[in-house]
Colleague: 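There's a structure below that I have some questions on.
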Amino acid sequence: MNSPARAVSSLPSPATARAALERVAANLSLAVQGKDKEVRLAVTCVVAGGHLLLEDVPGVGKTTLVEALARSFALSFSRVQFTADLMPADILGAQVFHAQTATFSFRPGPLFRQLVLADELNRAPPRTQSALLEAMAQGQVSLDGATHVLPRPFTVVATQNPVDFSGTYPLPDSQLDRFLMRLSLGHPSPEVEARLLTTRDASSPVEALKAVTSPEELTELRAQVAAQRLDDTVAEYIVRLAQATRAHGDIERGASTRAVLALGMAARAHALWESRDFVTPGDVRAVLAPCLAHRLLLRSANQGAYTRDEATHLIEEVARKVVAPR
């Protein structure tokens with residue numbers, strides 16, 4: 001998964017950035033068929049510099065999507081299966097003692113990759129979840145008084161099953177807030193499933209994918225996203241949306257300030273799909289539910305997929321009531 005080095009000299013133009021996004025999305029669609037909207041959002045999340053939570057039942061292509069993302073961006077990749085006995089050192093790494101020299105050296109764990117798949121994150125104990133989420137927030141790991149910087153660009157994609165909560169440790173709301181977006185793939189359409197039956201062989205669809213961009217270009221795209229213009233009227237629109245979630249009668253806790261910042265960054269990235277260097281209210285609405293729904297604490301007692309659906313419904317209701325600037 002190597003690619004030629006590319007110097008970061010200047011920001012790509014919006015048109016160049018859009019071409020890169022479409023190139024990646026087209027590549028992903030070779031492995032994850034019939035999910036164009038979800039693929040675009042996943043690319044938007046990665047380009048925005050955020051971490052992604054994939055919440056869905058097994059067997060709908062979550063792992064395939066993550067592996068395809070790593071292959072398409074030519075990122076170093078690791079997959080960690082989270083289980084009840086997984087300890088923080090199993091993902092972060094540890095100090096190893098060398099008897100011959102009587103010295104210690106750091107052995108990096110699987111977290112030291114540019115794209116990390118944390119599979120079934122909610123099956124690990126809270127201490128291990130916290131270690132991962134702290135690394136996601138800070139971009140570094142501190143062990144035994146030493147700081148170890150994680151590779152750049154760095155992204156975590158975590159998965160969890162929204163139906164089977166037996167034996168799991170649900171992520172606290174404050175930790176869910178660390179994920180820029182939450183997405184669900186859902187089952188493919190009958191037409192796509194029939195096509196998979198007749199065209200797919202025993203090999204993984206990811207194996208045939210080639211890199212279509214590079215980590216260096218991803219870094220440039222993220223710099224372009226950070227430089228996107230977000231006018232005062234759009235900023236006020238985002239804040240009014242957040243305030244509306246905080247005042248809603250069915251929502252115990254609305255969007256946090258971190259959620260507001262995440263929504264702004266995701267909207268900036270979404271604007272690149274339209275070859276623009278500025279954000280519109282349409283960009284905000286396009287990423288509104290994926291950015292906010294998982295951060296809300298609802299007053300209802302529903303769990304899992306029911307909470308996800310209800311939160312998405314409430315977000316859509318808020319979006320209809322808050323007038324967008326013209």
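Positions are given from 1 along the sequence.
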Colleague: Ignoring hydrogens and geometry, is there a side-chain-to-backbone donor-acceptor pair from Arg326 to Ala324 under 3.5 Å?
Modeller: no
Colleague: May I ask you to test the Leu171-Phe179 pair for a side-chain heavy-atom distance under 4.5 Å?
Modeller: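 Leu171 vs Phe179: side chains touch.
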Colleague: Is it possible for you to check whether Arg40 lies under 6.0 Å from the centre of the six-membered ring of Trp273, through NZ or CZ, and within 45° of that ring's axis?
Modeller: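 Flagged: Arg40 positioned over aromatic ring of Trp273.
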Colleague: Could you walk me through whether Glu220 and Leu11 pass the side-chain contact (heavy atoms from CB on, under 4.5 Å) test, one step at a time?
Modeller: CA-CA 6 Å; Glu220 294 177 5; Leu11 298 181; 5.9 Å; no
Colleague: Would you check if the side chain of His51 reaches a backbone N or O of Met136 as a donor-acceptor pair within less than 3.5 Å?
Modeller: yes
Colleague: Do Phe154 and Phe112 have ring centroids that are under 6.0 Å from one another?
Modeller: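 Ring centroids of Phe112 and Phe154 are no less than 6.0 Å from each other.
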Colleague: Find out whether Pro58 and Asn161 are in side-chain contact, i.e. whether some heavy atom of one side chain is under 4.5 Å from a heavy atom of the other.
Modeller: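 In short, these two side chains touch, coming nearer than 4.5 Å.
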Colleague: Can you confirm whether Arg107 is buried at CZ, in the sense that more than 12 heavy atoms of other residues, nucleotides or ligands lie under 6.0 Å from that atom?
Modeller: no
Colleague: Is Leu209 linked to Val157 within one hydrophobic cluster, defined over Ile, Leu, Val, Met, Phe, Trp and Tyr using a side-chain heavy-atom separation of less than 4.5 Å?
Modeller: no
Colleague: Yes or no on salt bridge (Lys or Arg N to Asp or Glu O under 4.0 Å) for Glu67 and Arg71, after CA distance, side-chain angles and deciding distance?
Modeller: CA-CA 6 Å; Glu67 291 177 343; Arg71 186 68 66 99; over 6 Å; no
Colleague: Linking I/L/V/M/F/W/Y whenever their side-chain heavy atoms sit closer than 4.5 Å, directly or via other members, would Val116 and Val206 fall into one cluster?
Modeller: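 Unlinked, Val116 and Val206 end up in two clusters.
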Colleague: Determine, step by step, whether Arg253 and Leu296 satisfy the side-chain contact (heavy atoms from CB on, under 4.5 Å) criterion, reporting the C-alpha distance in whole Å, the side-chain angles of both residues, the deciding distance to 0.1 Å, and the verdict.
Modeller: CA-CA 6 Å; Arg253 186 175 61 246; Leu296 305 182; over 6 Å; no
Colleague: Taking the side chain from Ser184 and the backbone from Glu55, do they hold a donor-acceptor pair closer than 3.5 Å?
Modeller: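 Indeed, once roles are kept as given, a pair shorter than 3.5 Å links the two residues.
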Colleague: Which is it for Arg295 and Asp177 under the salt bridge (Lys or Arg N to Asp or Glu O under 4.0 Å) test, yes or no, and what are the steps along the way?
Modeller: CA-CA 6 Å; Arg295 304 169 190 266; Asp177 211 23; 2.6 Å; yes
Colleague: Which atom pair, heavy atoms only, marks the closest approach of Pro12 to Ala17?
Modeller: CB-N, 4.4 Å
Colleague: Is the terminal nitrogen or CZ of Arg276 (NZ for Lys, CZ for Arg) located under 6.0 angstrom from the six-membered ring centre of Phe278 and within 45° of that ring's axis?
Modeller: yes
Colleague: Which heavy atom of Thr64 sits nearest a heavy atom of Pro205, and at what distance?
Modeller: CG2-CG, 4.0 Å
Colleague: Answer yes or no: is there a side-chain heavy-atom contact under 4.5 Å between Val225 and Leu221?
Modeller: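 No, side chains not in contact.
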Colleague: Ion pair present between Glu217 and Arg23, side-chain N to carboxylate O less than 4.0 angstrom?
Modeller: yes
Colleague: Strictly below 4.0 Å, N to O, side chains only: are Arg285 and Asp283 in salt-bridge contact?
Modeller: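 Salt bridge between Arg285 and Asp283, a charged N being under 4.0 Å from a carboxylate O: no.
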Colleague: Are the side chain of Thr312 and the backbone of Ala289 linked by a donor-acceptor contact shorter than 3.5 Å?
Modeller: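 Looks like no, no N/O pair under 3.5 Å.
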Colleague: Hey, are the side chains of Met87 and Arg127 touching, using non-hydrogen atoms and a 4.5 Å cut-off?
Modeller: yes
Colleague: Ignoring hydrogens and angles, tell me if any N or O in the side chain of Ser72 forms a donor-acceptor pair with the backbone of Ala68 under 3.5 Å.
Modeller: yes
Colleague: Considering non-hydrogen atoms only, spot the tightest contact between Pro153 and Thr219 and give its length.
Modeller: CD-OG1, 3.8 Å
Colleague: Has the side chain of Thr245 got a donor or acceptor atom that lies under 3.5 Å from a matching backbone atom of Gly254?
Modeller: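 No; judged by distance alone, with no hydrogens or angles, the pair does not exist.
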Colleague: Check whether any side-chain heavy atom of Ser256 lies under 4.5 Å from a side-chain heavy atom of Arg246, and answer yes or no.
Modeller: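 No, their side chains stay 4.5 Å or more apart.
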Colleague: Is there side-chain contact between Val284 and Val234, with heavy atoms separated by less than 4.5 Å?
Modeller: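 When only atoms from C-beta onward are counted, Val234 and Val284 do touch, with a gap below 4.5 Å.
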Colleague: Minimum heavy-atom separation for Lys62 to Val57, with atom names?
Modeller: NZ-O, 3.0 Å
Colleague: Could you measure the distance from the OG1 atom of Thr155 to the CG atom of Leu69? Nearest 0.5 Å is fine.
Modeller: 9.0 Å
Colleague: Tell me which one of Leu86, Leu111, Val141 satisfies side-chain contact (heavy atoms from CB on, under 4.5 Å) with Leu132.
Modeller: Leu111
Colleague: Say whether, by atom type as modelled, one donor and one acceptor occur between the side chain of Arg113 and the main chain of Ser76 under 3.5 angstrom.
Modeller: no
Colleague: Would you give the length of the straight line joining atom CD of Glu310 to atom CZ of Arg299, rounded to the nearest 0.5 angstrom?
Modeller: 11.5 Å
Colleague: Can you name the nearest heavy-atom pair linking Glu120 to Gln81, along with the distance?
Modeller: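 Looking at all heavy atoms of both residues, the closest pair is OE2-NE2, 2.9 Å.
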Colleague: Between Phe104 and His98, does the ring centroid distance fall short of 6.0 Å?
Modeller: no
Colleague: Please test Phe106 against His148 for ring pair (Phe, Tyr, Trp, His ring centres under 6.0 Å), starting from the C-alpha separation and ending with a verdict.
Modeller: CA-CA 9 Å; Phe106 178 65; His148 307 277; 3.7 Å; yes
Colleague: Find out whether Leu180 and Leu52 are in side-chain contact, i.e. whether some heavy atom of one side chain is under 4.5 Å from a heavy atom of the other.
Modeller: no
Colleague: Please round to the nearest 0.5 Å and tell me the distance separating atom CG of Asp90 and atom CG of Asp85.
Modeller: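 It comes to 8.0 Å.
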Colleague: Any idea which heavy atoms bring Leu292 and Ala255 closest together, and the distance?
Modeller: CD2-CB, 4.1 Å
Colleague: Please check: side-chain N/O of Asp56 versus main-chain N/O of Gly186, any donor-acceptor pairing under 3.5 Å?
Modeller: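 Side chain of Asp56 to backbone of Gly186: a pair is present.
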Colleague: Which value, rounded to the nearest 0.5 Å, describes the distance between Thr168 atom OG1 and Leu121 atom CG?
Modeller: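 One finds 10.5 Å between OG1 of Thr168 and CG of Leu121.
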Colleague: Working to the nearest 0.5 Å, report the span between CZ of Arg18 and CD of Gln224.
Modeller: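 Going from CZ on Arg18 over to CD on Gln224, the span is 14.5 Å.
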Colleague: Between Leu117 and Ile91, is there a shared hydrophobic cluster once you connect ILVMFWY residues whose side-chain heavy atoms come closer than 4.5 Å?
Modeller: no
Colleague: Roughly how far, to the nearest 0.5 Å, is CD of Glu316 from NZ of Lys321?
Modeller: 13.0 Å
Colleague: Between Glu191 and Arg195, does any side-chain N to carboxylate O distance fall below 4.0 Å?
Modeller: no
Colleague: Using modelled atom types and a 3.5 Å cut-off, is there a donor and acceptor pairing between side-chain atoms of Arg222 and backbone atoms of Val46?
Modeller: yes
Colleague: Answer whether the closest heavy-atom distance between the side chains of Glu252 and Leu298 falls below 4.5 Å.
Modeller: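 No. Closest side-chain heavy atoms not under 4.5 Å.
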Colleague: With a 4.5 Å cut-off on side-chain heavy-atom distances among I, L, V, M, F, W and Y, is there a chain of contacts connecting Leu53 to Leu115?
Modeller: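 No.
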Colleague: Passes side-chain contact (heavy atoms from CB on, under 4.5 Å), Asp119 versus Arg79? Steps please.
Modeller: CA-CA 7 Å; Asp119 212 2; Arg79 174 181 179 179; 2.6 Å; yes
Colleague: So does Arg320 pair up with Glu317, basic N to acidic O under 4.0 Å?
Modeller: no
Colleague: What about Val60 and Met181, same hydrophobic cluster or not, with Ile/Leu/Val/Met/Phe/Trp/Tyr joined at side-chain heavy-atom distances under 4.5 Å?
Modeller: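 Cluster IDs for Val60 and Met181 match.
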Colleague: Among Ile315, Leu263, Leu41, find the residue that satisfies the side-chain contact (heavy atoms from CB on, under 4.5 Å) test when tested with Pro290.
Modeller: Leu41
Colleague: Check whether more than 12 heavy atoms from other residues, nucleotides or ligands sit under 6.0 Å from atom CZ of Arg258, and answer yes or no.
Modeller: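 Correct, the count exceeds 12.
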